[in-house]
Amino acid sequence: MSNILVVTTALEQTWKTSGSIIFLGKWCNKYNNFEKLKKVNYKIADYHWDDRQKFLKDYQYLNNLNKKLLKKLVKELNKYHKNNYSERYWNIIIGPWLITFIQIVFERYENLNKLLNDHKTYETIVLKIDPNKMIPENFEKFQSLIITDTWNHFIYSSILNFDSFEYKIDKRYETFKNEEKFEDYLIPKILSKRSKIYNFFLKIFNKIKVNEEVLISESYLGKIDEIRLCIKLKTLPRFDSTTYLSENEISINRNQIFLKNDCENIFEEFICNIIPQQIPKSFLEDFNIVKLESEKMNWPKKPKVIFTSHFMQKTLPSRYVAENIENLGSKLIHGQHGGVYGQYLFSSMQDYELAISDKYLSWGWTLPKTDKVIPFGILKNIDNIKYYRKSASTLLIVLRSQPKYTHKLNSYSGTNQIAKYYEDNINLCKKLNKNIIENKSILRFHSRKFGWNEDIMFKNEFPKIKIDNGYSKITELLKKSKLVLQTYIGTGYLETLASNFPTVVFANLNDCLINNETKEYLKILKKVNIFHDNFSSAAQFINDNWENIDNWWDNKETQEARIIYCDKFVKSNKNKVNKLYKIINELKKSQ
């Protein structure tokens, strides 16, 4: 009797058409690959984070592990580079990579662990991939690599090859054929002519030796308000317009990074073993290059205050911030840049941004036991989101996108969760009246595609439906809409609620874990039928009220509920620039 073949990714080189196959997860199946799947006797393994209590427990464990490994890395990296930078310095530049990498590898490890501990006989195909090609140059390249089948196969193979795990699985090694062309994901973005011209202007401006005390970049304010704030603070708006080339070879000295002391389990042994192998070059071989390039960015030389809402996950800007905080005592103000913050039960990036900042500008929420979070109100300019009652006639259904492979963890993470999300919303659409879904609806997908082929999914079910693949401006689609159906807890529903645009929100709270305060506020929206936690309820409400949306939306109770919710999570701030000016000046005085 032949062994069951375990397939870890969608690389078809690791499949076979005879015998039994078990796919490790839904990420292995490409939705448009029905013909090949018909020839395969397969099933899909259970997903360990379908147990959301385990998910929460694992998140807490990984957070504690991250703190422990960060302290180890601070010591080892300082020794490697012969310096003595603080833990905050290293957390600023390495934090997003470290927590993401730990969480990713743990998720892959648990996928294998759940399957291979059931005492059955398995085999798998391991492709011989050059490990040096799997080392990212920096965090940006890392983010591109982790969504590829190739990188994920490499990580699964590394786990299977780690001696301490002792999995009972036969490994068949084969030469790697680059069927995915994973390098295409790593092509750097080319700067626009406008960016090059502005960067040239900044270079000349910097030669004047103007003493700018504030850096403002990617503030989320919008161009006009960002320029207004810069004028008041006597500085120029900046953006990340610099690139650098990594010319250094992978160093054999990586083995000097030793993290294996105090490991409490086999997984920790593995993660401590693979971190030195996988750590981006920007933190090791290219460390000095990155510093030099960050100094060429034509940004203020001695900023007292740095304000951003978006660039801390970028290599050169984060290094600029770390150097100025470490050497000059600069203060960092970080603004909220997404709708999940303050609502999800947990979010890796919220934890990181709060940890590194001196002040944090939320869209309305606060946190207990800290004065770091300022309930500032929505930073983003949403004045262009308007409800055109006379011309409105369509239902705009806004859908999210997410990589096949779990990456940064937050309350909605999990490959099965995004798959179930699409299933739920297909079922919602099936329950809408035929005239609404076929003649009145527009499905709006995100412009970023991750291999789910979600447009094909929906088109197969609803051949006549109109689809926008994310390339039209959302404001243009809203102009035609009498109602927007927001299908997840995120930025979009906060923007339309704050703009007083007729909005129905559907989210499955069994998969999307939110904090207790948000649950209580969502009850207020649920009472007036803005929020629905099951697709049948959302569809039924739309069907019953399609001809009278304005009557429902203008109702006093509906509006009062909307205002209460917005005041907490997406508060209006009509005087943003002046209030920011005051906050920045107060922080300057404390510097």
Would you please name every residue forming a side-chain hydrogen bond (donor to acceptor under 3.5 Å, both in side chains) with Gln277, sequence neighbours left out? none
Under 3.5 Å, is there a donor-acceptor pair between the side chain of [X] and the main chain of [Y]?
{"X": "Lys168", "Y": "Tyr122", "value": "no"}
{"X": "Gln13", "Y": "Lys177", "value": "yes"}
{"X": "Asn152", "Y": "Ile146", "value": "yes"}
{"X": "Thr491", "Y": "Gly339", "value": "yes"}
{"X": "Lys380", "Y": "His337", "value": "no"}
{"X": "Tyr421", "Y": "Arg400", "value": "yes"}
{"X": "Gln278", "Y": "Met134", "value": "yes"}
{"X": "Glu180", "Y": "Phe182", "value": "no"}
{"X": "Ser348", "Y": "Leu409", "value": "yes"}
{"X": "Ser413", "Y": "Thr406", "value": "no"}

Is there a side chain to side chain donor-acceptor pair (under 3.5 Å) between Tyr61 and Asn265? Walk through the geometry before answering. CA-CA 12 Å; Tyr61 162 70; Asn265 54 52; 3.2 Å; yes
Over 60° means perpendicular and under 30° means parallel, so tell me whether Tyr220 and Trp363 are parallel, tilted or perpendicular. parallel
Tyr360 vs His334 aromatic rings, parallel, tilted or perpendicular, using cut-offs 30° and 60°? parallel
Passing candidate, ring-ring contact (aromatic ring centres under 6.0 Å, His included) with Phe267, options Phe165, Tyr109, Phe162: Tyr109
Would you sort out whether Trp97 and Tyr352 count as a ring pair (Phe, Tyr, Trp, His ring centres under 6.0 Å), showing the intermediate values? CA-CA 11 Å; Trp97 174 80; Tyr352 163 74; over 10 Å; no
Go through the steps for Ile325 and Leu332 under the test side-chain contact (heavy atoms from CB on, under 4.5 Å), then give the verdict. CA-CA 8 Å; Ile325 287 177; Leu332 174 63; 4.0 Å; yes
Hey, are [X] and [Y] close enough for a salt bridge, meaning a charged N less than 4.0 Å from a carboxylate O?
{"X": "Lys420", "Y": "Glu423", "answer": "no"}
{"X": "Arg172", "Y": "Glu123", "answer": "yes"}
{"X": "Lys57", "Y": "Asp51", "answer": "no"}
{"X": "Lys314", "Y": "Glu140", "answer": "no"}
{"X": "Lys526", "Y": "Asp533", "answer": "yes"}
{"X": "Glu87", "Y": "Lys71", "answer": "yes"}
{"X": "Glu454", "Y": "Lys449", "answer": "no"}
{"X": "Arg254", "Y": "Glu285", "answer": "yes"}

So Asp50 and Gln417, side chain to side chain donor-acceptor pair (under 3.5 Å) or not? Walk me through it. CA-CA 8 Å; Asp50 281 345; Gln417 281 55 54; 3.0 Å; yes
Is there a side-chain contact between [X] and [Y] (heavy atoms, below 4.5 Å)?
{"X": "Leu160", "Y": "Ile169", "answer": "yes"}
{"X": "Asn508", "Y": "Asn534", "answer": "no"}
{"X": "Ser158", "Y": "Phe270", "answer": "yes"}
{"X": "Ile129", "Y": "Lys133", "answer": "no"}

According to salt bridge (charged side-chain N to carboxylate O under 4.0 Å, His left out), does anything in residues 90-118 pair up with another residue at least two apart or in another chain? List the pairs. Lys54-Glu110
Run the numbers on Asn416 and Trp49 for side chain to side chain donor-acceptor pair (under 3.5 Å), then give the verdict. CA-CA 8 Å; Asn416 267 17; Trp49 277 343; over 6 Å; no
Centroid-to-centroid, [X] to [Y], below 6.0 Å?
{"X": "Tyr85", "Y": "His81", "value": "no"}
{"X": "Phe458", "Y": "Phe445", "value": "yes"}
{"X": "Phe346", "Y": "Phe55", "value": "yes"}
{"X": "Trp90", "Y": "Phe287", "value": "yes"}

Applying side-chain contact (heavy atoms from CB on, under 4.5 Å) to Ile514 and Leu509, what does each step give before you reach the verdict? CA-CA 7 Å; Ile514 57 175; Leu509 299 186; 3.9 Å; yes
Determine, step by step, whether Val505 and Leu525 satisfy the side-chain contact (heavy atoms from CB on, under 4.5 Å) criterion, reporting the C-alpha distance in whole Å, the side-chain angles of both residues, the deciding distance to 0.1 Å, and the verdict. CA-CA 9 Å; Val505 185; Leu525 295 187; 5.6 Å; no
Carefully, step by step, assess Asn117 and Tyr167 under the rule side chain to side chain donor-acceptor pair (under 3.5 Å). CA-CA 8 Å; Asn117 283 329; Tyr167 289 124; 6.0 Å; no
What's the verdict on side-chain contact (heavy atoms from CB on, under 4.5 Å) for Phe506 and Asp424, showing C-alpha distance, side-chain angles and the deciding distance? CA-CA 10 Å; Phe506 160 60; Asp424 281 348; 4.0 Å; yes
Ring of Tyr42, cation from Lys16 - is the NZ or CZ under 6.0 Å from the centre and inside 45° of the axis? no
Check the side chains of Lys281 and Asn248 for a donor-acceptor pair under 3.5 angstrom, ignoring hydrogens and angles. no
